[in-house]
**Student:** 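The structure is given below, and queries will be raised subsequently.
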Amino acid sequence: MKRIVIAEFMDAAAVAQLRERHDVLYDVALVDDGARLYKEAKWAHALIVRNRTQVRGELLDALTQCTVVGRLGVGLDNIDVAGCEARGIRVIPATGANALSVAEYVIASAMLLLRGAYGSTAAVAAGRWPRNALSNGRELAGKTLGLVGFGAIGQLTARLAQALGMRTVAFDAMMDGSHPAFAATGTQPLGLDALVAQADVVSLHLPLVDGTRNLFHAPRIAAMKGGAVLVNTSRGGIVDEAAVALALREGRLGGAALDVFEAEPLAASPHFEGCPNLLLTPHIAGVTAESNERVSSLIAQKVLEALEP
């Protein structure tokens, strides 16, 4: 029997599955108690985390018995993957398990921001009738969705968008135009500049690496099609948040949905105050009841396989 430490939320059924075969410490408070987490890490053969636990530095040094880190999600920027590999620790993300949740978030955000009609409840209930003001909303059908990053989530998002009548285009620095994913999804490959200029909705699906940091800075946001919508469900450091806020205030962007931020949790951010057609959510695009079950079940299975070859 081996020791598994779970430092962030995991679905109860998956935790029970792990406990059937191993000694499990499941405590969501560990992520905020570094000293205790480092202490428990010394005895861990496996560590399971979400996006807040920083598996690097002191914590990584404490993982002297660990052979596997399970990531309840897909982004790995909170994990020193190279450092893990150097220590013989296998890092396992929940690839694909939350793709549908993210794709649905993108489509729902795009529909809400283009239509612009869903913030009127208080006014209508109070007896006001803002019909004229809300009659210029835009339909999703016939618009172009530009996907920056075309992995599993981008491809699924393209399929959902096409079912609603959208044209889809995509850019991925790791794919050339002959990659079969483009033909399989009916998506046109474009260079990044061409995509930004054409898309009515730009959705980001990228890891945060040196080449993508601040990729959507002020000049690139300024190059977007007038009235376009920006959706970021990938990583916050890819987008210049102040530039997004300014573009919204100046009416150059038609809307923005930001689920991720350069610093999380997001501190008070005066630059976002009063921005029109802005959605801010706390890094939950990939988190639903169903995706939690899928992600947790997948990681439990993969961790068990890694511990019991």
Side-chain angles (χ1 to χ4, degrees), residues 49-51 69-79 81-82 85 90-110 144-164 166-196 198-199 201-216 220 229-239 257-260 281 283-288 290-292 294-295 297-299 302:
V49 302
R50 284 189 178 268
N51 66 306
V69 171
R71 166 71 168 93
L72 295 163
V74 294
L76 297 177
D77 49 292
N78 62 309
I79 300 173
V81 176
E85 291 175 348
R90 181 182 173 193
V91 177
I92 303 176
T95 304
N98 67 352
L100 180 59
S101 296
V102 177
E104 287 190 355
Y105 176 101
V106 172
I107 298 302
S109 298
T144 296
L145 171 64
L147 296 151
V148 183
F150 203 52
I153 295 175
Q155 291 169 40
L156 180 54
T157 305
R159 291 188 174 96
L160 294 185
Q162 289 167 2
L164 293 167
M166 296 192 84
R167 169 188 176 233
T168 57
V169 299
F171 164 79
D172 194 305
M174 304 303 292
M175 298 179 179
D176 62 30
S178 64
H179 194 285
F182 295 112
T185 58
T187 297
Q188 180 184 358
L190 288 178
L192 180 57
D193 291 341
L195 181 150
V196 166
Q198 293 183 27
V201 178
V202 175
S203 184
L204 308 184
H205 302 277
L206 300 164
L208 180 60
V209 295
D210 289 343
T212 64
R213 186 175 296 278
N214 208 33
L215 184 66
F216 273 72
R220 182 153 284 123
V229 164
L230 177 65
V231 182
N232 187 16
T233 58
S234 52
R235 287 295 180 267
I238 295 168
V239 169
L258 304 180
D259 183 57
V260 288
T281 52
H283 204 146
I284 48 77
V287 184
T288 59
E290 294 86 353
S291 74
N292 274 328
R294 291 192 299 268
V295 164
S297 176
L298 176 62
I299 291 303
K302 295 293 186 182

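These numbers come from the heavy atoms of this one structure, side chains and all, not from hydrogens, waters or symmetry mates. Remember, predicted model here, so these are calculated numbers, not experimental data.
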**Student:** Using 0.5 Å steps for rounding, measure from the CG atom of Asp77 to the CZ atom of Arg235.
**Tutor:**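 The CG atom of Asp77 sits 4.5 Å away from the CZ atom of Arg235.
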
**Student:** Which heavy atom of Val239 sits nearest a heavy atom of Asn214, and at what distance?
**Tutor:** C-OD1, 4.5 Å

**Student:** Any idea which heavy atoms bring Leu156 and Ala103 closest together, and the distance?
**Tutor:**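 Taking Leu156 first and Ala103 second, the nearest heavy atoms are CG-CB, 4.0 Å.
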
**Student:** Answer yes or no: is there a side-chain heavy-atom contact under 4.5 Å between Arg294 and Asn98?
**Tutor:**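 Result no, sub-4.5 Å side-chain heavy-atom pair not found.
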
**Student:** Apply the test side chain to side chain contact (heavy atoms under 4.5 Å, CB included) to residues Thr233 and His205: give CA-CA distance (whole Å), side-chain angles for both, the deciding distance (0.1 Å), then the verdict.
**Tutor:** CA-CA 7 Å; Thr233 58; His205 302 277; 3.8 Å; yes

**Student:** A side-chain contact here means heavy atoms from C-beta on lying under 4.5 Å apart; do Leu230 and Leu204 qualify?
**Tutor:** yes

**Student:** Do the side chain of Thr185 and the main chain of Gln155 share a donor and acceptor less than 3.5 angstrom apart?
**Tutor:**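 Absent.
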
**Student:** Report yes or no: do Asp259 and Thr281 form a side-chain donor-acceptor pair below 3.5 Å?
**Tutor:** yes

**Student:** If you look at every heavy atom in Ala158 and Leu147, which pair is closest and at what distance?
**Tutor:** CB-CD1, 3.7 Å

**Student:** Taking everything shown except Arg220 itself, do over 12 heavy atoms lie less than 6.0 Å from its CZ?
**Tutor:**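 More than 12 within 6.0 Å, yes.
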
**Student:** If you define the side chain from C-beta out and look only at heavy atoms, does anything of Arg213 sit under 4.5 Å from Leu208?
**Tutor:**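 A side-chain contact exists here, since the closest heavy-atom pair is under 4.5 Å.
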
**Student:** Measuring from Asn232:CG to Ser109:OG, what's the distance to the nearest 0.5 Å?
**Tutor:** 11.0 Å

**Student:** What verdict does the side chain to side chain contact (heavy atoms under 4.5 Å, CB included) test give for Met174 and His179, after you've listed the backbone C-alpha separation in whole Å, the side-chain angles of each residue and the deciding distance to 0.1 Å?
**Tutor:** CA-CA 10 Å; Met174 304 303 292; His179 194 285; over 6 Å; no

**Student:** Would you call Arg50 and His283 a side-chain contact if the rule is heavy atoms closer than 4.5 Å?
**Tutor:** no

**Student:** When you compare the side chain of Phe171 with that of Leu190, does any pair of heavy atoms fall below 4.5 Å?
**Tutor:** no

**Student:** Distance from Asp172 atom CG to Thr187 atom OG1, nearest 0.5 Å?
**Tutor:**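 Asp172 atom CG to Thr187 atom OG1 measures 12.0 Å (nearest 0.5 Å).
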
**Student:** What distance separates Ser234 OG from Phe216 CZ, expressed to the nearest 0.5 Å?
**Tutor:**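 Ser234 OG to Phe216 CZ: 9.5 Å, rounded to 0.5 Å.
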
**Student:** Using a 4.5 Å cut-off on heavy atoms from C-beta on, say whether the side chain of Thr157 contacts that of Val102.
**Tutor:** no

**Student:** Side-chain donor-acceptor pair under 3.5 Å between Gln162 and Thr168, yes or no?
**Tutor:** yes

**Student:** How far does OG1 of Thr144 sit from CE of Met166, to the nearest 0.5 angstrom?
**Tutor:** 7.0 Å

**Student:** How close do Leu145 and Ala161 get, heavy atom to heavy atom, and via which atoms?
**Tutor:**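 Taking every non-hydrogen atom into account, CD2-CB, 3.6 Å.
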
**Student:** To the closest 0.5 Å, what do you measure between CG (Asn292) and CG (Leu72)?
**Tutor:**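 That separation rounds to 8.5 Å.
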
**Student:** Between Thr288 and Tyr105, is any pair of side-chain heavy atoms under 4.5 Å apart?
**Tutor:**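 No. Closest side-chain heavy atoms not under 4.5 Å.
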
**Student:** With side chains defined as the heavy atoms from C-beta onward, is the minimum distance between Leu76 and Pro93 less than 4.5 Å?
**Tutor:** yes

**Student:** If you compare all heavy atoms of Ala199 against all heavy atoms of Gly146, which two are closest, and at what distance to 0.1 Å?
**Tutor:** CB-N, 3.7 Å

**Student:** Is there a side chain to side chain contact (heavy atoms under 4.5 Å, CB included) between Met175 and Phe182 once you walk through the steps?
**Tutor:** CA-CA 9 Å; Met175 298 179 179; Phe182 295 112; 4.0 Å; yes

**Student:** For the pair Thr212 (side chain) and Ile238 (backbone), establish whether a donor and an acceptor sit closer than 3.5 Å, ignoring hydrogens and angles.
**Tutor:** no

